[in-house]
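In what follows, a structure is listed as structure tokens, so that the remarks can point back to it.
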Amino acid sequence: EAGVAQSPRYKIIEKRQSVAFWCNPISGHATLYWYQQILGQGPKLLIQFQNNGVVDDSQLPKDRFSAERLKGVDSTLKIQPAKLEDSAVYLCASSLGQGSTEAFFGQGTRLTVV
Amino acid sequence: GENVEQHPSTLSVQEGDSAVIKCTYSDSASNYFPWYKQELGKGPQLIIDIRSNVGEKKDQRIAVTLNKTAKHFSLHITETQPEDSAVYFCASNFGNEKLTFGTGTRLTIIP
């Protein structure tokens with residue numbers, strides 16, 4: 001079974017630039033999560049989708065971050081404009097949904113803002 | 001609010017010895033407690049989980065215990081091996097599908 005796919009693996013941008021990350025969840029998984037992991041910390045939830053609807057985006061800095069999952073499968077996370085403090089690993093995870101909480105993570109995208 | 005505390009932040013054990021990592025949670029509605037292992041440059045990997053209707057679960061050298069009354073759960077790794085070196089995270093779902101993670105434990109196995 002293929003795992004959660006993310007791209008790119010690494011990205012370096014200057015502050016105030018924009019960046020986008022892509023995620024393809026495990027086939028059949030209805031729930032998709034984006035987490036932010038700052039160096040030395042645990043992952044922090046940014047947004048949770050159930051199919052193509054947002055379940056929880058309370059921790060998403062909506063003035064600069066946006067995410068979509070238009071067809072209920074792939075998802076993109078965008079940052080515009082980026083700040084230095086956005087430097088982190090952005091992790092995508094998926095689960096079956098419908099009460100199933102087993103979440104499986106991708107390898108993440110390491111973002112460095114300079 | 002939703003909070004998971006994890007201790008210790010770093011742990012070094014001799015190869016072959018046991019390692020124990022502990023977590024506490026704040027919400028009595030929590031009913032799912034997974035443990036993740038994260039190796040350098042990789043995403044977190046689910047290694048074991050436990051639900052609130054069970055007190056203990058074991059999978060080969062790894063076990064997790066849950067004390068609902070005290071609101072804490074622990075990861076036990078026996079007969080540690082060099083490949084067990086990684087950062088381990090506990091998490092809790094706080095009654096819904098959203099996971100809140102602990103701050104992580106860097107485990108080092110000394111050959």
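Given the structure is predicted, the values throughout are model-derived calculations rather than measurements. Hydrogens, waters and symmetry mates play no part in the numbers below; they use all other heavy atoms, side chains included. Labels below follow one simple rule: chain letters A, B, ... track the order of the sequence lines, proteins then strands, and each chain is numbered from 1.
Only the side chain of A:Gln37 comes within contact range of chain B, with heavy atoms under 4.5 Å apart. Neither the backbone nor the side chain of B:Gln45 comes within contact range of chain A, judged by heavy atoms closer than 4.5 Å. Contact of B:Arg51 with chain A is made through the side chain alone, with heavy-atom distances under 4.5 Å. Proximity to chain B is absent for every atom of A:Arg110, based on heavy atoms less than 4.5 angstrom apart. Only the side chain of B:Leu46 comes within contact range of chain A, with at least one heavy atom under 4.5 Å from a heavy atom of that chain. Contacts between A:Gln48 and chain B at a heavy-atom distance below 4.5 Å involve the side chain alone, from C-beta outward.
Shown here for B:Ala86 and B:Glu39, the closest heavy-atom pair between the two residues is CB-CG, 4.1 Å. In plain terms, the two heavy atoms of A:Ala20 and A:Lys78 that are nearest each other are CB-CG, 3.9 Å.
Interface summary for chain A: among B:Gly43, B:Pro44, B:Gly104, B:Ala91, the most heavy-atom pairs under 4.5 angstrom belong to B:Pro44. Taking A:Ala103, A:Gly108, A:Gly106 one by one and counting their heavy-atom pairs under 4.5 Å with chain B, the maximum is reached by A:Ala103.
Look at B:Asp27 and B:Lys71 and you find no salt bridge, because none of the NZ, NE, NH1 or NH2 atoms lies under 4.0 Å from a carboxylate O. Of the charged side-chain nitrogens involved, at least one lies within less than 4.0 Å of a carboxylate oxygen, so that A:Lys62 and A:Asp57 count as a salt-bridged pair.
Defined by atom type and a distance below 3.5 Å, a donor-acceptor pair is missing between the side-chain atoms of B:Thr100 and B:Tyr25.
Classified by interplanar angle (parallel below 30°, tilted 30° to 60°, perpendicular above 60°), the ring pair A:His29/A:Phe104 is tilted.
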